[in-house]
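Comments concern the structure below.
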Amino acid sequence: MDRDVIKDQFFNQNILTADQFSYEGLSELFAFAERMRPIARRVVRSQVLSGFIMGSFFFTESTRTRISSEAAFQRLGGAVVTFTDMKFSSMMKDETFADTISSLDVYCDIMTLRLEEEGQAAIAADIAQHPVINGGDGSGEHPTQALLDVFTFQEASKFDIAHTPFKIAIVGDLKYGRTVHSLVPLLRKYCCDVQFQFVSPEFLKLPAKVETNARLSFSNASWTDDFKQGITGADIIYMVRPQLERMEDDEEREKWREVQSRYCLDRSVFKECCNPQALITHPGPRNAELSPGLDDLPNSVYRRRQPENGVLIRMALPVFILGKEDKFV
Ligand code: NCD
């Protein structure tokens with residue numbers, strides 16, 4: 001364990017963007033997350049976060065992120081205070097976002113927030129005195145999802161993704177899918193040689209801002225709207241659902257409906273195009289883009305391994321942020 005790296009990258013830090021991590025920080029986090037597994041599996045017990053309170057404030061809907069963050073914190077002996085919809089907050093009584101965050105900040109030692117608008121997590125972090133974890137801000141980012149995704153790729157792949165060249169096909173709504181906006185820079189930080197194959201209709205391409213920030217170029221990334229061609233030869237396939245609620249208008253939603261049947265992975269397409277070892281991954285929730293007929297393949301990791309690894313990452317992160325890694329036994 002490199003304590004200097006952990007202190008520098010995590011202690012008292014906000015977790016706002018995937019871009020903030022270094023390879024060394026990610027290696028420390030992933031190694032520590034692996035040590036959380038016996039606790040997540042109830043083989044060993046730990047009270048390392050006893051006495052701390054996490055605020056878990058989700059202004060918009062969530063299944064996995066909220067519940068896994070809360071379960072992780074409580075599994076380590078911490079307590080959680082929560083709300084699951086801004087309509088249960090005084091923002092419905094015209095309180096400002098800034099006043100809401102500064103009040104909530106008083107009650108807890110660390111906050112996980114899910115917010116409606118891109119950039120709001122950074123605004124909250126500026127207001128709060130305690131560390132803020134971005135649990136998804138509009139079409140912005142979702143860094144903890146990307147952490148659990150990359151951790152899962154590493155853990156489930158038959159090769160070392162950090163040091164071996166590989167190809168990932170990222171398929172679906174790349175424009176509004178915030179998990180993709182965090183996954184791309186995180187893979188660039190952690191892996192020495194990753195080839196990105198983006199697969200989407202033209203109008204849902206990855207935003208130029210994400211491409212630029214992640215320093216993508218012709219040599220490490222390409223785009224196609226041809227699904228079968230795009231997934232051929234990939235070592236990892238990452239599917240995302242259409243973010244219908246964030247599309248500009250009905251016209252954009254209609255455009256998606258016209259093409260959606262071209263972007264569905266099922267067993268026969270998988271057999272026809274993919275390397276049989278290819279990992280099939282999805283952050284959830286899935287819609288029609290991923291057939292339940294793939295669920296029982298050993299390389300389908302979206303049903304159990306990604307959600308379980310989410311708990312490990314969301315245990316390790318607050319331990320580092322609250323500076324308790326030395327107390328962990
Ligand atoms: C994602 C999200 O909320 O961004 N879900 C998640 O947290 N696992 C993906 C999505 O909503 O499509």
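Atoms within each ligand, like the ligands themselves, are counted from 1 in listed order. Numbers here simply count residues along the sequence, with the first being 1.
A salt bridge links E252 with K175: the closest approach of a Lys/Arg side-chain nitrogen to an acidic carboxylate oxygen falls below 4.0 angstrom. One finds no salt bridge joining E325 and R3 here, because no Lys/Arg side-chain nitrogen approaches an Asp/Glu carboxylate oxygen to under 4.0 Å. With respect to the salt-bridge test (charged N to carboxylate O, under 4.0 angstrom), the residues R267 and D296 qualify.
Checked against the 6.0 Å centroid threshold, F32 and F320 count as a close aromatic pair.
Every residue two or more places apart in sequence or in another chain was checked for a side chain to side chain donor-acceptor pair (under 3.5 Å) with R178, and none qualifies.
For ligand 1, residues of the protein lying within 4.0 angstrom by heavy-atom distance are T65, R114, H142, Q145, R178, T179, R241, Q243, P283, G284, P285.
Figure legend: cation-pi geometry between K255 and F203, with NZ or CZ positioned under 6.0 Å from the six-membered ring centre and within 45° of its axis.
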